Amino acid sequence: MRLSAYFLPTIKETPSEAQIVSHRLMLRAGMIRQASAGIYSWLPLGFRVLKNIERIVREEQDRSGAQEVLMPTIQSADLWRQSGRYDAYGPEMLRIEDRHGRDMLYGPTNEELITDIFRTSVKSYRDVPKMLYHIQWKFRDEVRPRFGIMRGREFLMKDNYSFDIDLAGAKRAYNKMFVAYLRTFARMGLKAIPMEADTGPIGGNLSHEFIILADTGESAVYCHGDFLDFDVLGQDIDYEQDLEPIIADWTALYARTDEKHDAAMFEKEVPQENRVEKRGIEVGHIFYFGTKYSEPLGATIATPEGEQVPVHMGSYGIGVSRLAGAIIEASHDEAGIIWPEAVAPFKVGLINLKPADGDCTTACEDIYGKLRGAGVEVLYDDRDERAGTKFAEMDLIGLPWQLVAGPRGIAKGMVELKRRRDGEREELSLDSALSKVMP
RNA sequence: CGGGGCGUAGCUCAGCCUGGUAGAGUGCCUGCUUUGGGAGCAGGAAGCCGGAGGUUCGAAUCCUCUCGCCCCGACCA
């Protein structure tokens with residue numbers, strides 16, 4: 001993509017409404033624009049990031065055996081009356097009336113709908129287990145939206161729902177999601193730590209929040225430092241195998257949010273030097289809720305013995321749009337965003353320092369063509385701007401690699417390759433620079 | 001939903017107390033100069049001062065109402 005043709009409205013000054021760093025940077029980098037309180041438009045750069053996050057989430061859901069569906073944003077109130085949540089949910093639910101006077105709502109979540117889909121078509125134990133997920137916009141009319149995209153009213157969420165004949169089956173589904181989440185966040189370059197969470201009225205220990213550490217996180221979290229060295233991507237995972245050992249590894253050490261924190265236990269279980277006390281952002285939540293919805297909605301299946309039992313369900317959410325902000329909270333510096341490669345809107349930013357210079361521009365066009373030919377996503381700054389502006393904007397939008405070509409270097413056949421993460425620069429020949437950023 | 005704050009040029013803000021023809025910086029457009037970290041000089045375009053009522057000869061400024069946005073708290077993926 002040529003920057004001269006790209007819609008990238010960057011802002012030098014910080015918009016006054018943005019307080020936290022991800023919100024400021026997303027506005028400044030031209031990723032999003034606020035439409036109204038807690039509701040945002042995604043501009044080209046931000047949308048690319050959102051799509052990358054979504055893609056990784058989808059790939060890992062599919063890998064775990066979940067199947068993608070797409071349910072509507074607008075739901076009928078009828079189902080919610082059956083589950084008892086139409087009244088229970090309160091003013092957070094955006095209620096709508098259609099032209100016929102029917103009560104509708106903009107879905108804040110989809111348990112009712114998915115349970116309805118399941119109950120009308122699944123009748124036998126032979127048809128489970130199943131995991132159905134979708135990635136869809138939700139709306140929760142928060143009293144006070146804040147933190148930009150991180151806590152908007154409208155947000156993109158992946159929610160998966162598992163259906164099993166009994167608790168043991170549900171536990172297997174839970175474990176699959178647990179591992180899928182570890183992989184999902186790791187692929188995005190995040191250290192996500194599963195922390196014990198409240199299970200509500202169901203009880204048991206089948207509820208975890210996945211938390212990433214960031215100074216600006218919304219809640220205090222406490223965990224063992226060894227979590228930061230765990231590597232899930234290095235493992236070869238077979239989702240049909242028993243995942244219990246992996247779960248055991250990841251739940252053996254202390255990790256709790258402040259709601260569940262027990263200072264005495266923390267100090268007893270974690271040696272002083274390994275105690276991590278930081279702030280965290282919740283990016284995922286998995287939990288088992290048993291027959292909470294299947295019972296009132298009559299989602300029953302027949303056991304091998306012919307008995308009708310309510311199906312056991314779990315629900316597994318990832319805040320897809322929130323992740324865009326969360327990743328920035330976890331990865332930025334004074335100059336701007338630092339994208340992990342997997343979610344970066346482009347892999348390489350090619351800076352032509354002097355478009356007016358024939359040789360320099362010829363070389364840049366050549367590099368641009370070669371990178372694109374190799375399938376590398378590249379944003380080519382071909383604008384007639386000053387060098388300082390180009391450097392500053394490229395740092396701001398945070399592409400992992402910057403390839404800088406100026407007349408002086410080009411005359412010697414050299415370009416500069418800068419790694420955004422640590423600012424390390426290398427003067428390289430054209431070919432070796434290219435080979436470094438090509439797959 | 002309680003408490004607080006702010007709506008003036010694309011953005012950041014001054015002007016309001018004490019009423020008298022709308023301001024700065026930055027961004028944008030033109031030209032010249034400059035050219036490896038958000039340049040310099042000169043010129044230019046740009047605002048129903050959030051909206052509606054009211055007070056007044058006269059309102060960005062005072063009063064009333066209203067809408068929007070932000071912050072703290074309670075709540076939350």
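Worth knowing before you read on, the calculation uses all heavy atoms, side chains too, and leaves out hydrogens, waters and symmetry mates. All values derive from a computational prediction rather than experimental measurement. Throughout, protein chains are lettered first and strands after them, A, B, ... in sequence-line order, and every chain is numbered starting at 1.
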So, taking the atom named [atom1] in [X] and the one named [atom2] in [Y], what distance separates them when rounded to the nearest 0.5 Å?
| X | Y | atom1 | atom2 | result |
| --- | --- | --- | --- | --- |
| Arg256(A) | Ile193(A) | CZ | CD1 | 14.5 Å |
| Ile149(A) | Leu156(A) | CD1 | CG | 10.0 Å |
| Ile237(A) | Leu243(A) | CD1 | CG | 7.5 Å |
| Leu430(A) | Leu403(A) | CG | CG | 7.5 Å |

Pairwise [atom1] distance, [M] and [N] [rounded to whole Å]:
| N | M | atom1 | value |
| --- | --- | --- | --- |
| A42(B) | U34(B) | C1' | 15 Å |
| G51(B) | G7(B) | C1' | 11 Å |
| U12(B) | C6(B) | C1' | 14 Å |
| A59(B) | G50(B) | P | 15 Å |
| G23(B) | A60(B) | C1' | 12 Å |
| G44(B) | C63(B) | P | 38 Å |
| C57(B) | G19(B) | C1' | 12 Å |
| C62(B) | U18(B) | C1' | 11 Å |

Quiz item: So, Gln61(A) and Asn160(A): side-chain donor and acceptor under 3.5 Å apart, yes or no?
Solution: yes
Exercise. Verify the distance criterion only: is there a donor paired with an acceptor across the side chains of His134(A) and Tyr161(A) at less than 3.5 Å?
Key: no
Exercise. Go through Phe178(A) and Trp250(A) one step at a time and tell me if the ring pair (Phe, Tyr, Trp, His ring centres under 6.0 Å) criterion holds.
Key: CA-CA 9 Å; Phe178(A) 192 108; Trp250(A) 281 86; 7.2 Å; no
Spacing of [X] atom [atom1] relative to [N] atom [atom2], expressed in whole Å:
| X | N | atom1 | atom2 | answer |
| --- | --- | --- | --- | --- |
| Asp141(A) | A77(B) | CG | P | 15 Å |
| Asp258(A) | C76(B) | CG | P | 12 Å |
| Glu209(A) | A77(B) | CD | C1' | 9 Å |
| Arg24(A) | C11(B) | CZ | P | 18 Å |
| Glu218(A) | C75(B) | CD | C1' | 12 Å |

Quiz item: Are the side chain of Arg95(A) and the backbone of Tyr86(A) linked by a donor-acceptor contact shorter than 3.5 Å?
Solution: yes
Determine the contact category for [X]: base if any of its heavy atoms lies under 4.0 Å from a base atom, sugar-phosphate if only primed atoms, P, OP1 or OP2 are that close, otherwise nothing.
| X | value |
| --- | --- |
| Gly317(A) | nothing |
| Thr109(A) | nothing |
| Lys418(A) | base |
| Arg28(A) | base |

Quiz item: Mapping Val143(A) and Arg383(A) onto RNA chain B by nearest heavy atom, which one lands closer to the 5' end?
Solution: Val143(A)
Quiz item: Glu142(A) or Gln402(A): which one's nearest nucleotide on RNA chain B is closer to the 5' end?
Solution: Gln402(A)
Atom pairs, protein N/O to nucleotides 67-72 of chain B N/O, distance under 3.5 Å:
from, atom 1, to, atom 2, distance (Å)
C69(B), OP1, Ala37(A), N, 2.7
C69(B), O3', Gln34(A), NE2, 3.2
C70(B), OP1, Gln34(A), OE1, 3.4
C70(B), OP1, Gln34(A), NE2, 3.4
C70(B), O3', Glu17(A), O, 3.4
C71(B), OP2, Arg144(A), NH1, 3.3
C72(B), OP2, Arg144(A), NH1, 3.3
C72(B), OP2, Arg144(A), NH2, 2.4
C72(B), N4, Arg144(A), NE, 3.4

My understanding is that a pair needs two contacts under 3.5 Å, Watson-Crick or G-U wobble. By that rule, which nucleotide pairs with [N]?
| N | answer |
| --- | --- |
| G7(B) | C67(B) |
| U30(B) | A42(B) |
| C17(B) | none |

So if I take every side-chain heavy atom of [X] and compare against [options], which nucleotide ends up nearest?
| X | options | result |
| --- | --- | --- |
| Leu396(A) | U12(B), G38(B), A77(B) | G38(B) |
| Glu13(A) | G38(B), U12(B), G37(B) | U12(B) |
| Lys12(A) | U12(B), U26(B), A77(B) | U26(B) |

Quiz prompt | Sole candidate of Arg419(A), Lys436(A), Lys418(A) that passes salt bridge (Lys or Arg N to Asp or Glu O under 4.0 Å) when paired with Glu424(A) | solution = Arg419(A)
Self-check item: Option among Tyr316(A), Tyr133(A), Tyr174(A) that satisfies the side-chain contact (heavy atoms from CB on, under 4.5 Å) test with Ser162(A)
Solution: Tyr316(A)
Would you tabulate the pairs of protein nitrogen or oxygen atoms and nucleotide nitrogen or oxygen atoms of nucleotides 32-35 of chain B closer than 3.5 angstrom?
from, atom 1, to, atom 2, distance (Å)
U34(B), O2, Arg386(A), NH1, 2.6

Quiz prompt | A77(B) pyrimidine/purine six-ring stacking with Phe155(A), under 5.5 Å and 30° | solution = yes
Quiz item: So, Arg85(A) and Glu111(A), do they make that salt bridge, N to O below 4.0 Å?
Solution: yes
Quiz item: Any N or O donor-acceptor pair linking the side chain of Arg322(A) to the base of C76(B) at under 3.5 Å?
Solution: no
Practice problem: State whether the distance check finds a donor on one side and an acceptor on the other, under 3.5 Å, for side chain Arg140(A) versus base C76(B). | Solution: no
